[in-house]
Amino acid sequence: MANARLTALCQTPGWRLEDNIAHGIRSGYAFNISAPSNFVITMFLPESFEAGPLVGGMKKARKQLGIVNLATGKKGVLTITLRAVRGNAQAAAAALLQRVDGIAGYLYNAGVPHDCCALCGKGEATGAVLLRGNLVRAHTECVEQKLAQQQEKEIDQGPSHRYLLGFIGALLGAAVGAIPWVVVSVMGFVSAYLAVLIAICAHFGYKLFTGKRYGPFTRPLVLLASLVGLALCVVLEFGFYYVMEMGAAPASVAEFGSYLEFYIADVLMQCMYTAIFGLLGIVLSWKMVPKNQEMAREYREYSM
């Protein structure tokens, strides 16, 4: 559900709301604002700019700027947490815009370049691009070049190729997620609750093998890989019990089937618990896939 305060903010010309993140440019600076509780601003400073003195100065002026916390990260990431804003959505948006303008003015007076390209590092950037979901300033030619490279990569690695790699990664991830199940089961403890890990690991396997590229078939493929992993765990668990009881592996599938039929009550009980915790893991893994699957693309166009 969209945040009402960010929605009101994005009624201002030049602002756009995507996946509960407001993107906009004020006084030449690119702002990315989320609102988990208080407003949080994410900005990207030029890597050549010394952020230490800037952060120190902003901390001294935090009351004037309405700042609660400041943090810097790799590649010039500046994270600013603002003091809580009171009032309805419209009033909060107006107050937020005023604080954003104050921060932009402070950055300008501190000598922070507002037109530095985030892609090549040079100045006089006239365009903007959404880079991994965050708005940054960039030269128009740099944006066109990156988008062309991305398109070429997507053509070289078409959807079917990515889905095949993703499914293989999801299967391997589900196998990794099954390891704790097998270990706990062999030790004689209840292991069904570990089914939640299988779908989550399947999702991370898909993500690793596709380079975080999602699509409309991502969730069904992760679901299929998770079901394969869950079924494999149940089979391995009762296969282990068979070996422990009989002293040898089953000679045929029919023999193992007869064993499962003899313990059908235990098999059904284990399948029920597996289904419950497995479903929980599947729901969690589905929530990890971006709602706007295009957000998974590395570079996206942004019209200023």
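Side-chain atoms are counted along with the backbone in the values below, which use heavy atoms only and exclude waters and symmetry mates.
- Under the rule for a ring pair (Phe, Tyr, Trp, His ring centres under 6.0 Å), Phe204 has no partner lying at least two apart in sequence or in another chain.
- The nearest pair of heavy atoms linking Val222 to Ala202 is CG1-CB, 4.2 Å.
- For the side chain to side chain contact (heavy atoms under 4.5 Å, CB included) test, residues two or more places apart in sequence or in another chain that qualify with Leu197 are Pro180, Leu194.
- In this structure the side chain of Met43 never reaches within 4.5 angstrom of the side chain of Thr79, judged on heavy atoms.
- For the residue pair Arg83 and Lys63, the shortest heavy atom distance occurs at NH2-CA, 3.6 Å.
- For Ala61, the side chain to side chain contact (heavy atoms under 4.5 Å, CB included) partners are Gln64, Leu65, Tyr106, not counting sequence neighbours.
- Put simply, Val112 and Leu70 are part of the same group of oily side chains (I, L, V, M, F, W, Y) that touch within less than 4.5 Å, one to the next.
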Between Ile80 and Val40, is the side chain to side chain contact (heavy atoms under 4.5 Å, CB included) condition met? List the steps. CA-CA 6 Å; Ile80 305 171; Val40 178; over 6 Å; no
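- Using a 4.5 Å heavy-atom cutoff, the side chains of Leu9 and Ile33 are in contact.
- Between Ala174 and Gly229 the shortest heavy-atom distance is CB-CA, 4.3 Å.
- Each of Leu284 and Leu279 belongs to its own hydrophobic cluster when Ile, Leu, Val, Met, Phe, Trp and Tyr are linked at side-chain heavy-atom distances under 4.5 angstrom.
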Check the pair Thr81 / Ile67 against side chain to side chain contact (heavy atoms under 4.5 Å, CB included), numbers first and verdict last. CA-CA 6 Å; Thr81 304; Ile67 295 174; over 6 Å; no
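- Of the inter-residue distances, the one linking Leu221 atom CG with Leu165 atom CG reads 11.5 Å to the nearest 0.5 angstrom.
- Remark: side-chain polar atoms of Asn32 are paired, donor with acceptor, to backbone N or O of Thr42 under 3.5 angstrom.
- To the nearest 0.5 angstrom, Ile103 atom CD1 is 11.5 Å from Gln98 atom CD.
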Would you sort out whether Tyr108 and Ser27 count as a side chain to side chain donor-acceptor pair (under 3.5 Å), showing the intermediate values? CA-CA 8 Å; Tyr108 180 81; Ser27 302; over 6 Å; no
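- Remark: Arg26 pairs with Asp101 by the salt bridge (Lys or Arg N to Asp or Glu O under 4.0 Å) rule, at least two apart or across chains.
- Hydrophobic clustering of Ile, Leu, Val, Met, Phe, Trp and Tyr side chains at less than 4.5 Å, counting indirect connections, unites Phe31 with Leu97.
- Counting heavy atoms from C-beta on, the side chains of Leu135 and Phe44 never come closer than 4.5 Å.
- Two different hydrophobic clusters hold Leu230 and Val176 under the rule that ILVMFWY side chains link at heavy-atom gaps under 4.5 Å.
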Show the numbers, then the answer: is there a side chain to side chain contact (heavy atoms under 4.5 Å, CB included) between Arg137 and Ile25? CA-CA 9 Å; Arg137 295 300 305 272; Ile25 295 176; 3.8 Å; yes
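- In this view, Leu171 and Phe167, Ala225, Val228 satisfy the side chain to side chain contact (heavy atoms under 4.5 Å, CB included) rule, not counting sequence neighbours.
- Gln90 is linked by a side chain to side chain contact (heavy atoms under 4.5 Å, CB included) to Ala8, Gln11, Asn88, counting only residues two or more places apart in sequence or in another chain.
- Rounded to the nearest 0.5 angstrom, Leu6 CG and Phe39 CZ are separated by 5.5 Å.
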